[in-house]
Number of protein chains: 2
Amino acid sequence: MAKLEKRDEIVRAALELIAENGFHGAPMAMIAEKAGVGAGTIYRYFENKDVLINELYRDLEQRIYTVLMEGYSPEKPVRERFIHIGTAILRYCIANPLDFRYLEQFHNSPYGVVHRRDRILGETGEKDIYLELFKEGLARHVVKELPMVVLFALAFGPLITVARDHILGFVVLDEALIGEIITACWDGVKR
Amino acid sequence: MAKLEKRDEIVRAALELIAENGFHGAPMAMIAEKAGVGAGTIYRYFENKDVLINELYRDLEQRIYTVLMEGYSPEKPVRERFIHIGTAILRYCIANPLDFRYLEQFHNSPYGVVHRRDRILGETGEKDIYLELFKEGLARHVVKELPMVVLFALAFGPLITVARDHILGFVVLDEALIGEIITACWDGVKR
DNA sequence: TGTACAGGAATGAATATTCATTCTTATAAT
DNA sequence: ATTATAAGAATGAATATTCATTCCTGTACA
């Protein structure tokens, strides 16, 4: 197995175990076994478990940001851009359920809290796109006059909930339903 | 200290520690110390940590259900009832941040997943009230024709997000803002 | 009334387990 | 042959749980 492949296997195994069982259901020994490497080997690629967890997070964030930005044009009207992003997020979560579960685990853990505090007002990632979008929406008077955080919650909250329900099998999201959901979110946000 | 008081102290200590530091930041020894009892004493009241965690969850769920139902009248129009519940939930989360944090921890852990699977379609608690409400809303054609789970997500998702942001200090929810948020949620759900 | 005693409750030190990390040994590459 | 890499057994810290002992509290008896 090549060096990069090995690192990749470790990351993949960690992602899967943590996404499915949480940080506690993913001991290093188990990650090693799933990755098909020795326990000690992991430490040749990652200084310790924390580093592994955080690097994995950054990888994911970066990957998602790229996907969201695919085909995004800042010239289009606010409503259209809103729908673009929302749709992209939902599609991504459905296509990559493990990624989504991992992010959830991360955000609801001490790691995630530290992460938030790090950038109270210097956000990046999804939040960033939305913020920029809402700023313009406010200026043009097309969205409700509410604090940014609230607009974000109105747009993003339902997506998280619905993505989780899809992954747990409580609902099946097809393209039609995704469209209706995003439109409904827009109804909540628009003026 | 009376017997019930003691049980109560244990529960309170567990709630606080878990809400603030997660399940892992709350070893039994620490819970015992905070509760002012011996480590072994906890096991006189709860068979093991899992049982403690689950009983605590049920307690909370019950308590919240009661609060939500205060002043709820099934005769009022759907919109009014929707606003009643939403407002009550937000007020509760703000007044009892520890409870809210605990519930979040629980839901985002193996406990929560087991819990969900237990009652795939026999939900209780908040979800129950909303379901009944939406059923009527659908019959009367006042809410969008979407699956129950999706309607629930549209109504509930933003509340969770916004409650978390309030607790973390990213926004201050006063009565006026709460009103605006619930109305916005209704905009997303209504036909 | 005061004293001995029993039964239950509480305690916390001792134990068993789980896990991240390290270290020694084996293997492969140059 | 030397060096880098991998493996997985060994280590030690952290933790849930157990259990022998102590401490209460209420009751019976003198």
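Residue numbers start from 1 in every chain, and the chains themselves are labelled A, B, ... in the order their sequence lines are given, proteins ahead of strands.
- Atom OH of A/Tyr43 is separated from atom P of D/dA7 by 15 Å (rounded to the nearest Å).
- For the pair A/Tyr45 OH and D/dA7 C1', the interatomic distance rounds to 12 Å; values are reported in whole Å.
- If you find the closest nucleotide of DNA chain C to A/Met30 and to A/Gly40, the one lying nearer the 5' end belongs to A/Met30.
- Taking the side chain of A/Met28 as heavy atoms from C-beta on, and the options D/dT5, C/dT11, C/dT21, the nearest nucleotide is C/dT21.
- Under the salt bridge (Lys or Arg N to Asp or Glu O under 4.0 Å) criterion, A/Asp59 pairs with A/Arg7, not counting sequence neighbours.
- Close to C/dA10, at under 4.0 Å from its OP1 or OP2, lies a side-chain N or O of B/Lys6.
- Residue B/Val37 has its side chain nearest to C/dT11 when only C/dT11, D/dA9, D/dA16 are considered.
- Comparing C/dT21, D/dT17, D/dA7 by their closest approach to the side chain of A/Thr41 singles out D/dA7.
- Taking the charged nitrogens against the carboxylate oxygens, B/Arg58 and B/Glu55 have no contact shorter than 4.0 Å, which rules out a salt bridge.
- At a threshold of 4.0 Å, the pair B/Glu145-B/Arg191 counts as salt-bridged, since one of the basic side-chain nitrogens sits closer than that to a carboxylate oxygen.
- With rounding to whole Å, A/Asn48 atom CG is found 14 Å from C/dC19 atom C1'.
- A/Lys34 and A/Glu16 are joined by a salt bridge, as a carboxylate oxygen and a charged side-chain nitrogen come within less than 4.0 angstrom of each other.
- Each of C/dT11, D/dA7, D/dA16 was ranked by its minimum atom distance to the side chain of B/Pro27; first place goes to D/dA16.
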